[in-house]
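What follows is one structure encoded as structure tokens, with my remarks underneath.
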Amino acid sequence: MGYPDRPGWLRYIQRTPYSDGVLYGSPTFESVGKPTVIEITAYNRRTFETARHNLILNIMSAEDFPLPYQAEFFIKNMNVEEMLASEILGDFLGAVKNVWQPERLNAINITSALDRGGRVPLPINDMKEGVYVMVGADVPFSSCLKEVENPQNQLRCSQEMEPAISCDKKFRAQFNIDWCKISLVDKTKQVLFAQEVVHGEGILPDAGEYRPPSEALKSRDYYADFLITLAVPSAVAIVLFAILGYIMCCRREGIIQLVHHSAIQKSTKELRDMSNNREIAWPLSTLPVFHPVTGEMVPPLHTDNYDNTNMPLMQTQQTMPHQTQIPQQQNAGKWYP
């Protein structure tokens with residue numbers, strides 16, 4: 001009451017809108033001696049009728065009931081709201097009392113495995129989240145509980161195997177306990193040492209009250225610093241730009257290759273123009289030549305009005321004047337001059 005949320009040590013869980021809500025938790029030392037008022041507001045989903053109730057919690061100090069020997073069990077087949085039921089918690093405390101044999105035994109803390117970083121179980125085979133239950137007693141631990149700390153069981157736990165605990169059969173009927181996650185705390189052997197604060201990183205020495213600087217400080221002109229900060233990088237950038245421009249424009253390589261490429265392009269253009277213009281002079285290979293036998297002048301292979309585009313490369317089937325005849329073999333097998 002009077003705050004936007006519950007106390008930090010108090011948790012609330014309700015599985016479904018139609019199941020019972022459960023408030024649980026362990027108070028801290030700051031809450032001892034102060035009544036904690038929990039304001040509960042509920043409304044009817046059908047009629048929207050509202051009801052309000054105040055739950056007053058009176059927290060007492062645990063020093064009046066010392067329980068120096070504490071053991072925390074992890075029960076795998078229970079959820080936190082199931083463990084908080086009075087009959088289930090009573091059965092578990094009864095089983096622990098049969099093993100431990102204390103004069104006074106109380107449940108100190110009950111925590112869901114999800115609050116300890118556990119994973120949400122798959123919704124198959126009725127798997128449970130698991131719950132941690134810490135109990136306290138006024139007598140030392142029994143020999144059965146100390147069996148968890150022997151080297152053989154520690155080795156089996158490191159290999160993900162079940163340890164051999166003699167009293168496990170007293171819990172197995174109703175509670176599936178993970179004995180590798182049990183922790184035993186003996187507060188009678190814990191000695192508190194006063195820690196001396198060492199001044200180092202993150203801790204400032206006590207220098208008294210803070211004294212701000214006086215108003216008599218002289219003002220400082222940052223104009224020269226600004227010019228230096230801006231001028232030096234600018235000058236370096238201009239010099240680098242000038243060097244890069246000189247290398248790119250004045251020191252270009254490949255001039256000979258460019259001239260050669262230009263000559264190739266010029267020759268290619270000239271050949272294309274010659275192929276388009278058919279009225280140019282004939283090449284030397286088409287001029288009249290002398291006959292090798294008679295010594296007479298032989299006219300060219302074609303006349304000026306001959307369409308050279310359809311001229312075959314080798315005119316072996318045409319009989320030119322003053323051309324030596326070569327005998328050819330006919331199909332009948334006879335020779336003709």
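Quick note: numbers below take in every heavy atom, side chains included, and nothing from hydrogens, waters or symmetry partners. Source: prediction; values computed, not measured.
In this structure, K146 is not positioned above the aromatic face of F141 in the sense of NZ or CZ being under 6.0 Å from the six-membered ring centre and within 45° of the axis. For the pair R116 and Y132, the distance from NZ or CZ to the six-membered ring centre is under 6.0 Å and the angle to the ring normal is within 45 degrees.
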Quiz item: Please walk me through it: do Q101 and S142 pass side-chain contact (heavy atoms from CB on, under 4.5 Å)?
Solution: CA-CA 8 Å; Q101 298 296 330; S142 63; over 6 Å; no
Quiz item: F73 and F92: ring pair (Phe, Tyr, Trp, His ring centres under 6.0 Å), yes or no, with the steps?
Solution: CA-CA 10 Å; F73 299 85; F92 178 75; 5.6 Å; yes
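Among all heavy-atom pairs drawn from E103 and V139, the shortest one is N-CG1, 4.4 Å. Closest non-hydrogen pair, M60 versus V32, comes out as C-CG1, 4.1 Å.
At a threshold of 4.0 Å, the pair R119-E129 does not count as salt-bridged, since none of the basic side-chain nitrogens sits closer than that to a carboxylate oxygen. With respect to R15 and D20, no salt bridge is recorded, no charged nitrogen being found less than 4.0 Å from a carboxylate O. With respect to the salt-bridge test (charged N to carboxylate O, under 4.0 angstrom), the residues R156 and E162 do not qualify.
Centroid-to-centroid, the aromatic rings of Y24 and Y12 stay 6.0 Å apart or farther. The distance between the ring centers of F171 and W179 falls below 6.0 angstrom.
Side chain of D138 to main chain of L105: no donor-acceptor pair is present (N/O by atom type, distance under 3.5 Å, no hydrogens or angles).
At most 12 non-hydrogen atoms from other residues, nucleotides or ligands lie less than 6.0 angstrom from CD of E49.
Residue V131 is tested with M78, E82, K76 for a side-chain contact (heavy atoms from CB on, under 4.5 Å); the sole match is M78.
Judged by distance alone, the side chains of W9 and S26 never bring a donor and an acceptor atom under 3.5 Å apart.
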